[in-house]
There are 2 protein chains.
Amino acid sequence: MTVSIKDVARAAGVSPATVSRALGGGPVSAELRGQVEAAVKATGYRPNLSARRLRSRHSQTIGLIVADISNPFFTAVARAVEDAAYTAGLRVILCNTDENPQKEAMYLQLMEEERVTGVIFAPTRASVDKLSRGTYGFPIVLIDRAGRASGQDAVVLDNFAAGGMLVEHLVAQGYRRITGLFGNASTTGIERHDGYVAAMRQAGLVPAAHFIAPSIEAAEAEARQWFAQGTAPEAVIASNGLLLMGVVRAMRAADKRIPQDMAITGFDNESWTELAGPGLTVIEQPVADIGRTAMKLLLERLDAPDAPARKVVLGGRCVVRGSTSRAAPAAN
Amino acid sequence: MTVSIKDVARAAGVSPATVSRALGGGPVSAELRGQVEAAVKATGYRPNLSARRLRSRHSQTIGLIVADISNPFFTAVARAVEDAAYTAGLRVILCNTDENPQKEAMYLQLMEEERVTGVIFAPTRASVDKLSRGTYGFPIVLIDRAGRASGQDAVVLDNFAAGGMLVEHLVAQGYRRITGLFGNASTTGIERHDGYVAAMRQAGLVPAAHFIAPSIEAAEAEARQWFAQGTAPEAVIASNGLLLMGVVRAMRAADKRIPQDMAITGFDNESWTELAGPGLTVIEQPVADIGRTAMKLLLERLDAPDAPARKVVLGGRCVVRGSTSRAAPAAN
DNA sequence: AGCAGTACTGAAATCGTTTTCATACAACCA
DNA sequence: TGGTTGTATGAAAACGATTTCAGTACTGCT
């Protein structure tokens, strides 16, 4: 039925070992190598990766476990990881947890069964602190969310600084009643919140923050409520792309103008943010850098399993657009 | 080092065969089953999937090969496929070809080496016709793009009808100079184009179509040129989400209003289309249905390898928004 | 000529499972 | 009782590759 290395060996008139060596770049005479290549072509041989992985005892595979594959932030990171892995000769298994700790546990177990050489992981808040080095048979590099996570390699945004940056920008524009909307599933929400609070205090303003589910719907519901009750702030900071979109939706639904009725800013420079209303001011994350760096940390960790853990903190860039301008000051 | 089924067997005082049976739900007495479970827990045993797949000769895995993972259409389909696969007890390997035929060939080869049980595939125009049943060791279900593809299972949108729908909608709104922008990498572009042309003729209008690379940048460049040369049409139809975004960008850059300066409509009801300008009129594809149906066709194909090929054509829904309204007719 | 070293090659062991095959024992039936 | 099932179990083969080990043939050197 399916053609194995023995069939190729027979066709080439050599031993299976020689076929294996010829294909794997081992020491084989030019003559036999030619015969093997011809036999491979003639038989249509395809190596069986399961057998190869079993015997050679390395999978040449890493796992990438993200929280939400429909979030452009993660697809962008995934792309960078994929590219870096490819050039390192590794395959990537992409897993999507939907911010669900049970799925996280399931996928981590799957990674063990696949005998992956390492994992890049964006954990939920619930599980980030439970991770400890050596629990799993492979090294883990955290991305996007590291929490306190001592002892784990990680690459994250400087969330505290970024949260502060947005406040400072808004304050510079003259906004004072600034509300924050933060996701309650990840540690990034907390850190961005802390940066927001610190910068508000610094500016002599009183912070007003809400932690909500990280979904468009939750943010939209929250903002709608403000408009319904007339409690909308002058400006809002949304801690990720989904929340940002929810707020914009609510403003359209309530027929409010950006930024005249409420200024709006947040995280993740997704391509649509440029197009919504007057363009949205956002913190742009270095997504490609994050992916590349995570892969780099992982490879270095594989080389030196016992080296101390490293946490790489990357800076965000504030992209200013119309959604936070005060060109035409509202009367308040 | 790593614990194998033999270690579990020893710990449980049974043979490896019994452990295998206990874990796989075979006939094992309640007593031994208990001992095995205890031993598994005690040893921290994790089955080696490579060994399992090698011996059992089925991978319980399917491949999903898409053209662009950053296109929300494909992530949505992927999600549906993933869910359906999960309930069928199958794993999914997700591959991204970037519309590159070489990557397609590479991933198809990889799928052979992984011995997947089947593949769901969105091929580029270049390779769709080269596929023929039986070339690969597994069945393939085409999605989104099927071309003429006789003899292949497929699930696609009724692109011809959808292309016509947009024209009819625009004509009903009073637009007459309607230009089409179509992606040149996929067969969907061609079919949507054909539907566009037919409907234009039907309405007594003369079609004007451009085939361009399926990227935001290409569409933006094209539309910018219109404005620079003063050749912009009254309305434009973009054959996918990327092209649509490119056109919107160009209009913003040229400071044109939607729909007064140019009406705009296209494919894929991505969440941002609701937010851009006055909201964009689009054809919504039944993404979840597409994924589910593809998985269903694949499973049925595995059951009946010799049944005749089936092509499922799903209808699109026209979501009307402000970008095509003539409420305030422009002076032209 | 003899010896050491180098470069290939093939036989056989091995990776960690599942599956086949044989066996033991109990239950059932005539 | 004795034969026939049927069920639970273990020993051993098998899956398809890589890797180890033991040559063999050559080369170069003394």
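The shown structure was predicted, so the numbers you read here are calculated from the model rather than taken from an experiment. First the proteins, then the strands, lettered A, B, ... as listed; each starts at 1.
Per the geometry, CD belonging to A:Gln60 stands 17 Å off P belonging to D:dA17, to the nearest Å. Atom NZ of B:Lys6 and atom P of C:dT17 are 10 Å apart (whole Å). Distance, B:Asn48 CG to D:dT18 P: 16 Å, rounded to whole Å. Between A:Ile5 atom CD1 and D:dT19 atom P there is a gap of 11 Å when expressed in whole angstrom units. Here the C1' atom of nucleotide D:dG16 and the CD atom of B:Glu112 are 16 Å apart, to the nearest Å. Rounding to whole angstrom units, CZ of residue B:Arg57 and P of D:dA17 are separated by 10 Å.
The side chain to side chain donor-acceptor pair (under 3.5 Å) test applied to B:Gln102 returns no partner, not counting sequence neighbours. The ring-ring contact (aromatic ring centres under 6.0 Å, His included) check on B:Tyr136 picks up B:Phe138, with sequence neighbours excluded. For A:Thr18, the side chain to side chain donor-acceptor pair (under 3.5 Å) test picks out A:Ser15, with sequence neighbours left out. With sequence neighbours excluded, the residues satisfying side chain to side chain donor-acceptor pair (under 3.5 Å) with B:Arg301 are B:Asp153. For B:Arg292, the side chain to side chain contact (heavy atoms under 4.5 Å, CB included) partners two or more places apart in sequence, or in a different chain, are B:Ala288, B:Asp289. For A:Val156, the side chain to side chain contact (heavy atoms under 4.5 Å, CB included) partners are A:Ala146, A:Lys311, A:Val313, not counting sequence neighbours.
Each end of the helix from C:dA1-D:dT30 to C:dA30-D:dT1 gets its own axis from five base pairs, and the two axes differ in direction by 50°, given to 10 degrees.
Checking the phosphate oxygens (OP1, OP2) of D:dG10, a side-chain nitrogen or oxygen of B:Thr18 falls inside 4.0 Å. Dashed line: the shortest gap from a side-chain N or O of A:Ser15 to OP1 or OP2 of C:dG10 is under 4.0 Å. In this model, the phosphate group of D:dG16 is not approached by any side-chain N or O of A:Tyr45 to a distance below 4.0 Å at OP1 or OP2. The phosphate of C:dT18 (OP1 or OP2) has a side-chain N or O of B:Arg52 nearer than 4.0 angstrom.
Atom-to-atom distance recorded for A:Ile140:CD1 and A:Ile65:CD1 is 7.0 Å, nearest 0.5 angstrom.
Each of A:Leu23 and B:Ala51 was matched to the nucleotide of DNA chain D holding its nearest heavy atom; the match closer to the 5' end belongs to B:Ala51.
The nucleotide whose nearest atom lies closest to any side-chain atom of A:Leu54 is, among D:dC15, C:dG16, D:dA17, C:dG16.
Listed by first then second residue, pairs satisfying salt bridge (charged side-chain N to carboxylate O under 4.0 Å, His left out) with a partner in residues 92-102 of chain A read A:Asp98-A:Lys103, A:Asp98-B:Arg79, A:Glu99-A:Arg145, not counting sequence neighbours. Counting only residues at least two apart or in different chains, salt bridge (charged side-chain N to carboxylate O under 4.0 Å, His left out) contacts with residues 29-45 of chain A are absent. Applying the salt bridge (charged side-chain N to carboxylate O under 4.0 Å, His left out) rule to pairs touching residues 82-95 of chain A yields A:Arg91-B:Glu114, sequence neighbours excluded.
Side-chain atoms of B:Ile69 and B:Thr75, non-hydrogen and from C-beta on, do get closer than 4.5 Å to each other. Taking the side chain as every heavy atom from C-beta outward, B:Val8 and B:Leu23 never approach each other to under 4.5 Å.
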Exercise. In B/S/- notation, 5' to 3', how is nucleotides 19-28 of chain C contacted by protein heavy atoms closer than 4.0 Å?
Worked result: BB--------

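Using a 4.0 Å cut-off on heavy atoms, the residues of residues 27-38 of chain A that approach DNA chain C are A:Pro27, A:Val28, A:Ser29, A:Leu32, listed by number.
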